[in-house]
Student: 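Have a look at this one.
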Amino acid sequence: MDLRINPENEALIERARELARDVLATCADECDQEQRFPRESFDALIREGFTRLTLPESYGGRALWSDPVCYAMVFHELSQGCTNTAMTLHMHSSILYFLLTLSDEEQKHRFAEAARNGAIFGSHAGEAASSPQWNRTITTRARKEGDEYVINGQKYFCSMAGEADYYVLWCLLEGVEELQAGLRWAVLDKNLGGITIPSRWDAFAMRGTASHSLAYEDVRVPARNIVGTGEGILQPDFVPRFGLGYAAVYLGAGAAALDWIVDYALKRKLLPDNVPIASYPAIQRQIGEMKIAYETALIMIQKAAWVLETQGAAKAIPFINEAKYTASEAAASMTEKALKIAGGPGLLNDKPLQRFHRDARAALVMPPSTEKCLQMASNFVLSQNEAASIF
Amino acid sequence: MDLRINPENEALIERARELARDVLATCADECDQEQRFPRESFDALIREGFTRLTLPESYGGRALWSDPVCYAMVFHELSQGCTNTAMTLHMHSSILYFLLTLSDEEQKHRFAEAARNGAIFGSHAGEAASSPQWNRTITTRARKEGDEYVINGQKYFCSMAGEADYYVLWCLLEGVEELQAGLRWAVLDKNLGGITIPSRWDAFAMRGTASHSLAYEDVRVPARNIVGTGEGILQPDFVPRFGLGYAAVYLGAGAAALDWIVDYALKRKLLPDNVPIASYPAIQRQIGEMKIAYETALIMIQKAAWVLETQGAAKAIPFINEAKYTASEAAASMTEKALKIAGGPGLLNDKPLQRFHRDARAALVMPPSTEKCLQMASNFVLSQNEAASIF
Amino acid sequence: MDFRINPENEDLLERAKIYAKEILAPRAEKIDQEGIFPRENFNDLAREGFTSLTLPKDQGGRDLYEDTATYSMVLYELSKGCTNTAMLFHMHSSISHVITYLGTDEQKHRYGEIIRSGKIIASYASENTSSLHGVWRMETKAIRDGDVYRINGRKYFCSMAGEADYYVLWVQLEDEEDLTKSLGLLIAPSDNPGFKIDQEWNSFAMRGTVSHSMIYDDVKIPVEDLVGRGGDPIRPDVLPKFGFGYSAVYLGAGGGAFDWVVNYAQTRKLMPDNVPIATYPAIQRQIGEMKIALEGAILMLQRAGWMINAHGADKAYGAINEAKYVCAEASAFITEKALKVAGGPGLFRHNPLQRFHREARAGLIMPPNTEKCLELTAKTVLEGSANVLGS
Amino acid sequence: MDFRINPENEDLLERAKIYAKEILAPRAEKIDQEGIFPRENFNDLAREGFTSLTLPKDQGGRDLYEDTATYSMVLYELSKGCTNTAMLFHMHSSISHVITYLGTDEQKHRYGEIIRSGKIIASYASENTSSLHGVWRMETKAIRDGDVYRINGRKYFCSMAGEADYYVLWVQLEDEEDLTKSLGLLIAPSDNPGFKIDQEWNSFAMRGTVSHSMIYDDVKIPVEDLVGRGGDPIRPDVLPKFGFGYSAVYLGAGGGAFDWVVNYAQTRKLMPDNVPIATYPAIQRQIGEMKIALEGAILMLQRAGWMINAHGADKAYGAINEAKYVCAEASAFITEKALKVAGGPGLFRHNPLQRFHREARAGLIMPPNTEKCLELTAKTVLEGSANVLGS
């Protein structure tokens, strides 16, 4: 057993921590309040090479998904500055990695070059919600016409809608029902005709992710921008990587709340005691609970990442699922406790605590939700079916 | 709104409290450790008239089920002395009330006289466990032969098996499948031939209830000891009364733990502080949680009892169900907290705390179980079916 | 025992339900999002006579504080429509009551007329927060200068600041440090030139209460506007009544969320199942938990309300604290569960669920907070009573 | 990062699983019910060489404290068979390690031989309990008298009292109050005539540890049986190791309950459904919760174990406390859930479930208890570190 972080990437985690503190955190509240995409944070991340983290080294990247523990830690650090930035960068980074995995040579060069030039890729898979007992269905269709495909459909919870340079769309070839056969990715320039935003993301959590709905009506995309095969896209490697990142990002809201409240508890004094509230046993008890919840969630994320690296995605799914559950519940309980400790001042919008608290609520419901996680954890135990799918 | 207890029966509650403290509590630990029926407590209760509480006044009783709030409070008080005594007396008292309700005149006189002479009646309904989605099935059969009935079947969790003077058995007339048509009570002298105990109650909770399994093989009972009709027995009045008593009795384990730990916290001093641990904020916090859980459960029991009295059993079912859930969870959490506060000494068998803790575990699983209560509470809300049956 | 709402005031509960649904709910989103003071709601309630309910009957009121259980349920029902309006209503109504309870005949007459004319008397304000273990402190002093008191000081969380027609000032009279002799309650028109808003209320919860910080800059108030004598407002028979209403208001957030999510569960269908999610056992289990928590909290609320009238506010102090704890925790629990059941759509800003969720967080924090309630409850158990001044 | 058990010790884990199942589990019920010391189990483990595992390799051991993560998993696996035996095994093994770590060459040789011969060195004992906020105290003194120490005092919770072959004595050397200079650890054969059992251990949990109270009545021990120097046993690099193993032992109760209930759910069918209750969603949800809690606790355990070796026990102190909290709470949570899932049958004394449930309660209480763990964890967050002596 050796729980040290891979030293090669330690500096990257440290740099993420600095950027989170010095750049992301400085505009996070404003983006949240104004419900806008954290463009200035992204610009900084592009300059720092953080939008190229998951490109293969031969394409000018850091191949960071080859070290999932560090990947998770980098996004966990970023998220403590701004959950919105970390979440959307995670979507970009993961889909870029998948594109480079499944593309042909020409496509690889083209997408990698775009990324090197600062392009942002959004990953849009969300269809109308389906029952927890069922796998997802895909109703967005791609019809071939000459050397173009014509896309029709509607997607929900599309992060960076209107903000990413390219939308990577999960769609089915027309006339095929089986995902295995007909699933494709369409890589769409966001300015293509026929793309509209029928309803905007107006939520009380994760407000800066621009997760609007997107409607595609006869959107024409060149055939060379269609990527992958159904089997390739459905390989068990992809969806778990999204889940691991969610866990790392959402736990960031909890970690930020812990940092904030520790600082607060050390400084805040109530009359007439004139000692910091950190010295009250009832406060200590709650900070103790927060810290332990945090450490437990963090080690579960790291374990899941390690299983992903060493034993592959199929084996890692149950661990990622458990990590997502634990991280979400930890973030929710940590932010709730912090709010209780802070009292009235914690409610004020000029302090970030209420933002951490709200963002942690998205952790509970965003897929895989708490309920889905419990069901999957149970299925795994009761059936010993190690390859339980989370797609 | 008027939350005062009916003053007529206040003295009865007070007497129950005294008996619990002066008699029941003095042998409760011994009965628990030796896993034996609290005979000496019952003898005292017989002398005090507590086995006649639910007989109609015209038969020499107090007709206490006409005031369910006081009924619940009397059993709640008794249970703080000895949960086993309170639980088994509740079974006796309820079935005696039902017998006097459904019997013909001759039977009424006979059963009432037996009760006045100190006879104890056990109520045995438990069949093999059935799925939470289904109503109970009855496989015990009564076949008529001349002026006798021949009983065959097996019952589980039969409280006071081998201890009660009469077993009141829920059985189906042979050849009838519908409970509505064929359900009867057979009132069996415990010494009748053919009654055996195939497996003994050897549990870690409620050890003094003698809840053995009972097997009936060609047990012959005179026809005059067959009581009721299917419709009468299934009237919605009966089963809810059992449930209300369970809630009151189980909450007694929690109340006893609270009393014990308050006394302990006021006396126990740790070196080098030399002040009672009651002065530590972390202890106070937990005692506060216990007290509030207790009051909430108590008022829910009282509300349910009041609905039973004023609006009838059908309306009362959801309230009783919610009271059972709240009382069980309160008893479980109160005893767990008390154990944590007491530390090592609380584990010792010469102190009653560990007994309260174990008995509270039965609260969680004995019918209606926590899960069943949640399901019923939900069904009530989602369907607005006010007459949801708990049988 | 009788759990019924007093028949003479039953009509108020029915009317509160109707007003909540028809008047308050439709405006609640705008009030919350834009931080608007709910003046329009108040005017409508005034037109219905609701804002005079706590005046004496001979003053055109219903003397509703003589039936505090019903009063609390009126607050609860209004709050299910709009928590902010319910809070304003409570603040105004409890001052009306205190004038009735402590005021001179002249004051009763004069302020009664003001209240009946639809004016708002509200706005309590806090001093610098004092320690959990500390007692009440008051740095703002009123110094007698001929026919007026001259008042200087700074106050925090001044609800309704800049919006109420009359402000209520809690001050220390002269230089007497013992607040049980010197704490005075003064009423002044809000256009007094000495009132200055110091810092804007921009909060994530209870935004419509516009609880700005304020400075009293040589405010001059005629001596005849002192209500009661020094120390009266914090007498044990007076002070607890102010706090009690908060519990009802905050529980309303939980009640609103519960109603919303029950309706959601009954109507929401997920593909490809063609049945409401109310049929899923995992959803049912959670609805059951919410329902039982809500019922327990309502009963604890009514019990405390009844005790205020049956035994006096001083004797009811323990029950009031217990109700505050149970209501705040239940509301937080229910709104969190409801978010989980609703999934992604629950995060949307146009759904009232996330509003109820945020308002419930203020309930956890507003005094007495969770920790304080537990401490006070423990003291009633351990020491037999707790001081209403919180020491 | 590498979460694998060190390959060189993997065999131990496999063997521990086999021994737990084949040797320990069949005898666990009798040990628990009759409060029997598990001598027979120890002898069998000794025959397999397990009781020498923490001796140095050149002494016939495996130096297993050099791989504390594996050591903790060995404890965990043994405890799933019999918690009492695992506790004995840990006490014996950690003394073996301390002799190796602090002893002279002569002691290592002499005690090494004793240990290899299958003798038990165990029995720690507590002083009068000290306050949560107090530091370690020691009233039992060893006074040098020529070639021996003479020891008088009274000790509580002396595990293995009357049964171990050698006792371990924690005493204050001479009259030096500063325990960091004077706390001495002595080893003496249990047949020393000065040892007297003062009060019998009759507990509801951990009954096989026979933790009687004892009197040291002028016990004389040769000076060469002092291990290390005054203060050594509570050095920050030594003391935390004793406590760490408890976490693993108590988590084993949760692990045992989990395995039992999974098997139960997979096989138990309720009438009239003809499917295992594992198919009910409400059961699945709870199994999911248990599984995730167990995984988190195991990881926190392994993390603390790894830190002891990678950074030293003093640096690992925070992680050890966090592991204790998570393991104790997880074990309590899992055993309670398991009882609920099992229903009535879980209460039966011949089912191991109720035994695991009781053992887990000792886990909540044994030092450092829940409150102490939270306090210490808070101090590492708030002050950067916590003193291993608990102040």
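Chain letters run A, B, ... following the sequence lines, proteins first and then strands; every chain starts at 1. Scope of the values below: all heavy atoms of this structure, side chains included, with no hydrogens, waters or symmetry mates. Quick caveat: nothing in here was measured; it's all calculated off a predicted structure.
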Student: Could you tell me which non-hydrogen atom of D:Leu347 sits nearest to which non-hydrogen atom of B:Trp201, and how far apart they are?
Tutor: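 Looking at all heavy atoms of both residues, the closest pair is CD1-CH2, 4.3 Å.
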Student: Between atom CZ of D:Phe204 and atom CG of B:Asp32, what is the distance when rounded to the nearest 0.5 Å?
Tutor: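 It is 11.0 Å, given to the nearest 0.5 Å.
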Student: Report which part of D:Arg355 has an atom under 4.5 Å of a heavy atom belonging to chain B: side chain, backbone, both, or neither.
Tutor: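 Neither the backbone nor the side chain of D:Arg355 comes within 4.5 Å of chain B.
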Student: Chain B heavy atoms under 4.5 Å from D:Met366: which part of the residue, side chain, backbone, both or neither?
Tutor: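 For D:Met366, side-chain heavy atoms alone lie under 4.5 Å from chain B.
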Student: What residue, out of B:Arg358, B:Gln33, B:Lys351, has the most heavy-atom pairs lying under 4.5 Å from chain D?
Tutor: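 Highest number of heavy-atom pairs under 4.5 Å: B:Arg358.
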Student: Do you know which two heavy atoms are closest between B:Val365 and D:Lys340, and how far apart they sit?
Tutor: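 Smallest interatomic distance, heavy atoms only, reads CG1-CA, 3.9 Å.
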Student: If you take all heavy atoms of D:Glu336 and B:Ala332, which pair is closest and at what distance?
Tutor: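 Taking every non-hydrogen atom into account, OE2-CB, 3.8 Å.
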Student: Working to the nearest 0.5 angstrom, can you tell me the gap between D:Gln33 CD and B:Asp202 CG?
Tutor: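 Spacing of CD (D:Gln33) from CG (B:Asp202) equals 7.0 Å.
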Student: Working to the nearest 0.5 angstrom, can you tell me the gap between B:Ile341 CD1 and D:Ile365 CD1?
Tutor: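 Reported value, rounded in 0.5 Å steps: 10.5 Å.
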Student: Search all heavy atoms of B:Ala282 against all heavy atoms of D:Glu371 and return the closest pair with its distance.
Tutor: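 Heavy-atom minimum between the residues: CB-OE1, 3.4 Å.
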Student: Rounded to the nearest 0.5 Å, what separates atom NZ in D:Lys337 from atom OG1 in B:Thr370?
Tutor: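 Rounded to the nearest 0.5 Å, the NZ-OG1 separation comes to 9.5 Å.
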Student: Kindly indicate, with the supporting measurements, whether the criterion side chain to side chain contact (heavy atoms under 4.5 Å, CB included) is fulfilled by D:Arg207 and B:Asn349.
Tutor: CA-CA 10 Å; D:Arg207 295 169 54 78; B:Asn349 283 344; 3.2 Å; yes
Student: At a heavy-atom separation under 4.5 Å, does B:Ser369 approach chain D through its side chain, its backbone, both, or neither?
Tutor: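 Neither the backbone nor the side chain of B:Ser369 comes within 4.5 Å of chain D.
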Student: What I want to find out is whether B:Lys340 reaches D:Glu329 closely enough, with some N-O distance under 4.0 Å, to be called a salt bridge.
Tutor: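 Yes, B:Lys340 and D:Glu329 are salt-bridged.
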Student: Any side-chain heavy-atom pair from D:Arg358 and B:Arg361 closer than 4.5 angstrom?
Tutor: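 Answer no - side chains too far apart.
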Student: Report the C-alpha separation of B:Leu347 and D:Phe157 in whole Å, then their side-chain angles, then the decisive distance to 0.1 Å, and conclude whether the side chain to side chain contact (heavy atoms under 4.5 Å, CB included) test is met.
Tutor: CA-CA 11 Å; B:Leu347 297 180; D:Phe157 300 113; over 6 Å; no
Student: Once rounded to the nearest 0.5 Å, what's the spacing between atom CD of D:Gln199 and atom CG of B:Asp350?
Tutor: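 Atom-to-atom, D:Gln199:CD and B:Asp350:CG are 6.5 Å apart.
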Student: Under a 4.5 Å cut-off applied to non-hydrogen side-chain atoms, are D:Arg349 and B:Gln35 in contact?
Tutor: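 When only atoms from C-beta onward are counted, B:Gln35 and D:Arg349 do touch, with a gap below 4.5 Å.
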Student: Of the backbone (N, CA, C, O) and the side chain (C-beta and beyond), which part of B:Glu371 lies under 4.5 Å from a heavy atom of chain D, both, or neither?
Tutor: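 The side chain, not the backbone.
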Student: Can you tell me which portion of D:Glu200 sits under 4.5 Å from chain B's heavy atoms? Options are side chain, backbone, both or neither.
Tutor: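 Neither part.
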Student: Side chain from CB out, backbone as N, CA, C, O: work out which of these in B:Ala342 comes under 4.5 Å of a heavy atom of chain D, or both, or neither.
Tutor: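 Neither; nothing under 4.5 Å.
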